[in-house]
Amino acid sequence: MNGFKDFWEHYKGAIIGIVIAILILITRLQDLILAIVVIILGAIIGNYVQQNKEDVKTKLKNFIDKM
(Lines give C-alpha, C1' and ligand atoms only; values in the text may rest on other atoms or scores of the structure.)
Protein backbone atom coordinates (compact mmCIF):
# COMPACT_ATOMS: atom_id res chain seq x y z
CA MET A 1 0.00 0.00 0.00
CA ASN A 2 2.92 2.31 0.66
CA GLY A 3 4.04 1.90 -2.96
CA PHE A 4 0.68 3.07 -4.30
CA LYS A 5 0.70 6.08 -1.99
CA ASP A 6 4.19 7.04 -3.16
CA PHE A 7 3.14 6.52 -6.78
CA TRP A 8 0.07 8.73 -6.26
CA GLU A 9 2.06 11.49 -4.56
CA HIS A 10 4.71 11.46 -7.29
CA TYR A 11 2.39 11.32 -10.34
CA LYS A 12 -0.77 13.00 -8.99
CA GLY A 13 -0.57 15.98 -11.36
CA ALA A 14 -0.01 13.82 -14.43
CA ILE A 15 -2.90 11.51 -13.56
CA ILE A 16 -5.28 14.43 -13.01
CA GLY A 17 -4.11 16.02 -16.27
CA ILE A 18 -4.74 12.79 -18.18
CA VAL A 19 -8.24 12.47 -16.73
CA ILE A 20 -9.08 16.08 -17.63
CA ALA A 21 -7.68 15.61 -21.15
CA ILE A 22 -9.78 12.47 -21.65
CA LEU A 23 -12.92 14.28 -20.46
CA ILE A 24 -12.22 17.19 -22.84
CA LEU A 25 -11.76 14.78 -25.77
CA ILE A 26 -14.87 12.77 -24.94
CA THR A 27 -17.09 15.86 -24.63
CA ARG A 28 -15.53 17.55 -27.72
CA LEU A 29 -14.72 20.66 -25.69
CA GLN A 30 -11.44 21.09 -27.57
CA ASP A 31 -13.33 22.82 -30.40
CA LEU A 32 -14.74 25.36 -27.98
CA ILE A 33 -11.41 25.85 -26.25
CA LEU A 34 -9.66 26.34 -29.60
CA ALA A 35 -12.27 28.89 -30.68
CA ILE A 36 -11.85 30.83 -27.42
CA VAL A 37 -8.05 30.82 -27.77
CA VAL A 38 -8.28 32.09 -31.37
CA ILE A 39 -10.66 34.88 -30.31
CA ILE A 40 -8.40 35.93 -27.45
CA LEU A 41 -5.30 35.89 -29.67
CA GLY A 42 -7.12 37.99 -32.26
CA ALA A 43 -8.07 40.53 -29.59
CA ILE A 44 -4.50 40.70 -28.27
CA ILE A 45 -3.02 41.14 -31.77
CA GLY A 46 -5.61 43.76 -32.69
CA ASN A 47 -4.93 45.70 -29.51
CA TYR A 48 -1.16 45.55 -30.12
CA VAL A 49 -1.55 46.81 -33.68
CA GLN A 50 -3.83 49.62 -32.53
CA GLN A 51 -1.43 50.71 -29.78
CA ASN A 52 1.70 50.51 -32.01
CA LYS A 53 0.46 51.61 -35.44
CA GLU A 54 3.65 53.28 -36.63
CA ASP A 55 5.92 50.50 -35.40
CA VAL A 56 3.74 47.85 -37.04
CA LYS A 57 3.66 49.81 -40.33
CA THR A 58 7.45 50.04 -40.34
CA LYS A 59 7.95 46.34 -39.54
CA LEU A 60 5.38 45.29 -42.13
CA LYS A 61 6.94 47.52 -44.80
CA ASN A 62 10.41 46.09 -44.05
CA PHE A 63 9.03 42.54 -44.22
CA ILE A 64 7.37 43.18 -47.57
CA ASP A 65 10.53 44.82 -48.94
CA LYS A 66 12.56 41.73 -48.02
CA MET A 67 10.22 39.53 -50.03
Side-chain angles (χ1 to χ4, degrees):
M1 192 63 165
N2 194 20
F4 179 74
K5 186 175 181 180
D6 290 339
F7 177 80
W8 175 254
E9 287 299 318
H10 193 260
Y11 295 107
K12 177 173 36 178
I15 294 170
I16 292 172
I18 289 171
V19 170
I20 290 173
I22 290 171
L23 288 175
I24 287 173
L25 289 174
I26 289 173
T27 58
R28 308 267 309 159
L29 284 176
Q30 72 269 20
D31 296 334
L32 176 64
I33 293 170
L34 180 64
I36 291 171
V37 167
V38 168
I39 289 170
I40 291 172
L41 284 175
I44 291 170
I45 292 170
N47 186 39
Y48 176 79
V49 169
Q50 182 181 8
Q51 298 296 324
N52 303 301
K53 288 180 187 174
E54 294 303 318
D55 190 34
V56 171
K57 283 182 186 177
T58 305
K59 288 181 181 178
L60 189 58
K61 185 177 183 293
N62 291 337
F63 177 72
I64 291 173
D65 288 342
K66 287 180 183 178
M67 294 177 81

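A quick note: this is a predicted structure, and the numbers were derived from the prediction, not measured.
No path of Ile, Leu, Val, Met, Phe, Trp and Tyr side chains, each step under 4.5 Å between heavy atoms, connects Val49 with Leu60, placing them in separate hydrophobic clusters. Hydrophobic clustering of Ile, Leu, Val, Met, Phe, Trp and Tyr side chains at less than 4.5 Å, counting indirect connections, keeps Leu29 apart from Val19. Ile18 and Tyr11 are not part of a single hydrophobic cluster, where members link through side-chain heavy atoms under 4.5 Å apart. Leu32 and Ile40 end up in the same hydrophobic cluster when Ile, Leu, Val, Met, Phe, Trp and Tyr side chains are linked at under 4.5 Å. Note on Phe4: it does not cluster hydrophobically with Ile16, by side-chain heavy-atom contacts below 4.5 Å among ILVMFWY residues.
A pairwise comparison of heavy atoms in Lys53 and Gln50 identifies CG-O, 3.5 Å as the closest pair.
Residue Asn47 holds its CG atom at 9.0 Å from CG of Asn52, rounded to the nearest 0.5 Å. Taking CD1 from Ile22 and OG1 from Thr27, the interatomic distance works out to 11.5 Å, rounded to the nearest 0.5 Å. Rounding to the nearest 0.5 Å gives a distance of 7.0 Å between CD1 of Ile36 and CD1 of Ile33.
Contact annotation: the side chain of Phe7 approaches that of Ile15 to within less than 4.5 Å [non-hydrogen atoms, C-beta and beyond].
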